[in-house]
Participant: 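This structure is in structure tokens; I'll ask about it shortly.
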Amino acid sequence: MKKINVVAIDGPSASGKGALSRSIAHRFGFDILDSGLLYRLYAFLSHLKFDIDEINKKISKDISFISDEDSVHVIYEGKEITNHLRSENIAKIASEHSAKKEVRRSLFEIQRNFYNEKGLVADGRDMGTVVFKDAKIKIFLTASKEIRAKRRYLELQNRGQEVNMPALIADIEKRDLKDSSRELSPLLPAEDAHIIDSSEMSLEEVFSLTENLIKKEFI
Ligand code: DC
């Protein structure tokens, strides 16, 4: 298989995929695909009663994704809806839709279209196993559920959202179980993925490991 210039980063919720992706994109000048955001957008638009084809068109044509060092921002009809999309409520609905074959199929091409030869970092659950099987580098990033819940707690608090820690842990556990046990594209490391457990590591340490891999493979 011909390998393409993609760093695929998969892993469970709040494992640090987003922060790692942004650091890599910033360091190497790569584009970013936050595939979870597409599933969250799907949940948002389907709640507005658009059907699957309308959602596909809207995501491809009417929505802008702007990345900076802190976040990927989503603009819909001139308004930033990122904070809304990042809520735990939307995450739950996104996880439900993401188990459906027609939804995954509809988002597949959109995700492939994010490819840019100069480099793409793609984060999600099935980047290395399905969408970018041909990625040059595959990372599976994980961490204990307590650490992930703590990170998500701080992230939501920073966004000014109300959070209850026990409810957050329960939500994360439920979502992980759903994402890993579904029939289609379950959350699993690709055979050729580098598995990184970041429970005891800082973002800088994870970044430095990944940076070395990219320098070896891309340059
Ligand atoms: O990464 P996230 O928390 O923003 O993702 C939200 C939901 O979308 C997640 O619970 C499962 C789904 N998802 C998926 O099924 N496949 C992906 N590649 C990315 C996300």
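We use all heavy atoms of the structure for the numbers below, so side chains are in, but hydrogens, waters and symmetry mates are not.
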Participant: Angle class for the His84/Phe44 ring planes (parallel below 30°, perpendicular above 60°, tilted otherwise)?
Facilitator: perpendicular
Participant: Using side-chain heavy atoms (C-beta onward) and a distance below 4.5 Å, is Ile24 in contact with Glu211?
Facilitator: no
Participant: Please report the C-alpha distance between Arg148 and Asp176 in whole Å, then the side-chain angles of each, then the deciding distance to 0.1 Å, and finally whether the salt bridge (Lys or Arg N to Asp or Glu O under 4.0 Å) criterion is met.
Facilitator: CA-CA 11 Å; Arg148 290 187 287 119; Asp176 283 351; 2.7 Å; yes
Participant: Between Arg112 and Asp134, does at least one N-O distance fall below 4.0 Å, as a salt bridge requires?
Facilitator: yes
Participant: So does Ser144 get a backbone contact from the side chain of Ser199, meaning a donor-acceptor N/O pair under 3.5 Å?
Facilitator: yes
Participant: Any Lys/Arg nitrogen of Asp62 or Lys57 sitting under 4.0 Å from an Asp/Glu carboxylate oxygen of the other?
Facilitator: no
Participant: Taking only Lys NZ, Arg NE, NH1 and NH2, and the carboxylate oxygens of Asp or Glu, determine whether Glu155 and Arg152 approach each other closer than 4.0 Å.
Facilitator: yes
Participant: Kindly compute the distance separating NZ (Lys174) from OG (Ser95), expressed to the nearest 0.5 Å.
Facilitator: 10.5 Å
Participant: Is it true that a side-chain atom of Glu54 and a backbone atom of Asp51 form a donor plus acceptor pair closer than 3.5 Å?
Facilitator: yes
Participant: Could you tell me the separation between the CZ atom of Phe132 and the CD1 atom of Ile137, rounded to the nearest 0.5 Å?
Facilitator: 14.5 Å
Participant: Within the side chain of Ser198, is there an N or O that forms a donor-acceptor pair under 3.5 Å with the backbone of Met201?
Facilitator: no
Participant: According to a 4.5 Å side-chain heavy-atom criterion applied to Ile, Leu, Val, Met, Phe, Trp and Tyr, with indirect links allowed, do Leu188 and Ile195 form part of one hydrophobic cluster?
Facilitator: no
Participant: Answer with yes or no whether the hydrophobic clustering places Leu141 together with Leu203; edges join I, L, V, M, F, W, Y residues whose side-chain heavy atoms lie under 4.5 Å apart.
Facilitator: yes
Participant: When rounded to the nearest 0.5 angstrom, what distance separates CD1 in Ile32 from CG in Asn116?
Facilitator: 12.5 Å
Participant: So Ile63 and Ile75, do their side chains get closer than 4.5 Å, heavy atoms only?
Facilitator: no
Participant: Flag the pair Val103 / Leu107 as yes when at least one side-chain heavy-atom distance between them is below 4.5 Å, and no otherwise.
Facilitator: yes
Participant: Lys150 versus Lys145: any side-chain heavy-atom pair under 4.5 Å?
Facilitator: no
Participant: In terms of hydrophobic clusters joined by side-chain contacts under 4.5 Å, are Ile196 and Ile147 together?
Facilitator: no
Participant: What closest approach, in Å, do Ala8 and Gly128 show between heavy atoms, and which atom pair accounts for it?
Facilitator: CB-N, 3.8 Å
Participant: Identify whether the distance between the nearest side-chain nitrogen and carboxylate oxygen of Arg22 and Asp123 falls below 4.0 Å.
Facilitator: no
Participant: With the 4.5 Å side-chain cut-off for hydrophobic clustering, are Leu209 and Phe207 part of the same group?
Facilitator: yes
Participant: Is the closest side-chain heavy-atom distance between Glu109 and Ser60 below 4.5 Å?
Facilitator: no
Participant: Mind checking the CG-NZ spacing from Leu120 to Lys136? Nearest 0.5 Å is all I need.
Facilitator: 12.5 Å
Participant: Where do Asp34 and Arg40 land on the side chain to side chain contact (heavy atoms under 4.5 Å, CB included) test, with the steps shown first?
Facilitator: CA-CA 10 Å; Asp34 178 340; Arg40 287 168 185 260; over 6 Å; no
Participant: Looking at Thr210 and Val206, would you say the former's side chain and the latter's main chain have a donor-acceptor pair under 3.5 Å?
Facilitator: yes
Participant: I'd like to know if the side chain of Tyr39 reaches the main chain of Ile93, judged simply by a donor and an acceptor atom lying under 3.5 Å from each other, with no hydrogens or angles considered.
Facilitator: no
Participant: Looking only at the aromatic ring of each residue, does the gap between the centers of Phe30 and Phe218 stay below 6.0 angstrom?
Facilitator: yes
Participant: Under a 4.5 Å cut-off applied to non-hydrogen side-chain atoms, are Ile110 and Tyr42 in contact?
Facilitator: no
Participant: If you measure only the distance, is there a donor-acceptor pair under 3.5 Å linking the side chains of Ser87 and Asn89?
Facilitator: no
Participant: Donor-acceptor pair, distance only, cut-off 3.5 Å: does the side chain of Arg159 make one with the backbone of Gln161?
Facilitator: no
Participant: Taking the side chain from Gln157 and the backbone from Tyr153, do they hold a donor-acceptor pair closer than 3.5 Å?
Facilitator: no
Participant: So which atom in Glu183 and which in Pro186 form the shortest heavy-atom distance, rounded to 0.1 Å?
Facilitator: O-CD, 3.7 Å
Participant: Regarding Arg125 and Asp10, does a basic nitrogen lie under 4.0 Å from an acidic carboxylate oxygen?
Facilitator: no
Participant: State the CZ-OG distance between Arg27 and Ser208, to the nearest 0.5 angstrom.
Facilitator: 10.5 Å
Participant: Please name the pair of heavy atoms, one in Lys17 and one in Pro12, separated by the smallest distance, quoted to 0.1 Å.
Facilitator: NZ-O, 3.0 Å
Participant: Within a reach of under 6.0 Å around NZ of Lys49, are more than 12 heavy atoms found that belong to other residues, nucleotides or ligands?
Facilitator: no
Participant: Are side-chain N/O atoms of His97 and Ser46 paired as donor and acceptor at under 3.5 Å?
Facilitator: yes
Participant: Return yes if a side-chain donor-acceptor contact under 3.5 Å exists between Asp197 and Thr142, otherwise no.
Facilitator: no
Participant: Before giving the answer on side chain to side chain contact (heavy atoms under 4.5 Å, CB included), spell out for Lys138 and Glu191 the whole-Å C-alpha distance, their side-chain angles and the decisive distance to 0.1 Å.
Facilitator: CA-CA 9 Å; Lys138 298 179 185 178; Glu191 266 175 30; over 6 Å; no
Participant: Mind running side chain to side chain contact (heavy atoms under 4.5 Å, CB included) on Leu213 and Ile139 for me, showing each step along the way?
Facilitator: CA-CA 10 Å; Leu213 290 171; Ile139 309 278; 3.8 Å; yes
Participant: Should the pair Glu88-Arg175 be classified as a salt bridge under the 4.0 Å nitrogen-to-oxygen rule?
Facilitator: yes
Participant: Kindly indicate whether a cation-pi arrangement holds for Lys58 with Tyr76, taking the cut-offs as under 6.0 Å to the six-membered ring centre and within 45° of the axis.
Facilitator: no
Participant: So, the side chain of Arg151 versus the backbone of Ser15: is there a donor-acceptor pair under 3.5 Å, distance only?
Facilitator: yes
Participant: Should Gln111 and Leu38 count as side-chain neighbours, where that means a heavy-atom distance under 4.5 Å?
Facilitator: yes
Participant: Given side chains that start at C-beta, do those of Ser185 and Arg104 come closer than 4.5 Å, heavy atoms only?
Facilitator: yes
Participant: Over all heavy atoms of both residues, which pair between Val121 and Ser21 is shortest? Give the atoms and the distance, please.
Facilitator: CG1-O, 3.6 Å
Participant: Atom CD of Glu102 and atom CG of Leu184: how far apart are they, to the nearest 0.5 Å?
Facilitator: 9.5 Å
Participant: Charged N to carboxylate O below 4.0 Å: is that the case for Glu217 and Lys3?
Facilitator: no
Participant: Decide whether Ile66 and Ile81 are clustered together by the hydrophobic rule: side chain heavy atoms of Ile, Leu, Val, Met, Phe, Trp, Tyr closer than 4.5 Å, transitively.
Facilitator: no
Participant: Apply side chain to side chain contact (heavy atoms under 4.5 Å, CB included) to residues Leu41 and Phe65 and explain how you reach the verdict.
Facilitator: CA-CA 11 Å; Leu41 255 175; Phe65 300 90; 3.6 Å; yes
Participant: Got a donor-acceptor contact below 3.5 angstrom from the Asp126 side chain to the Thr129 backbone?
Facilitator: no
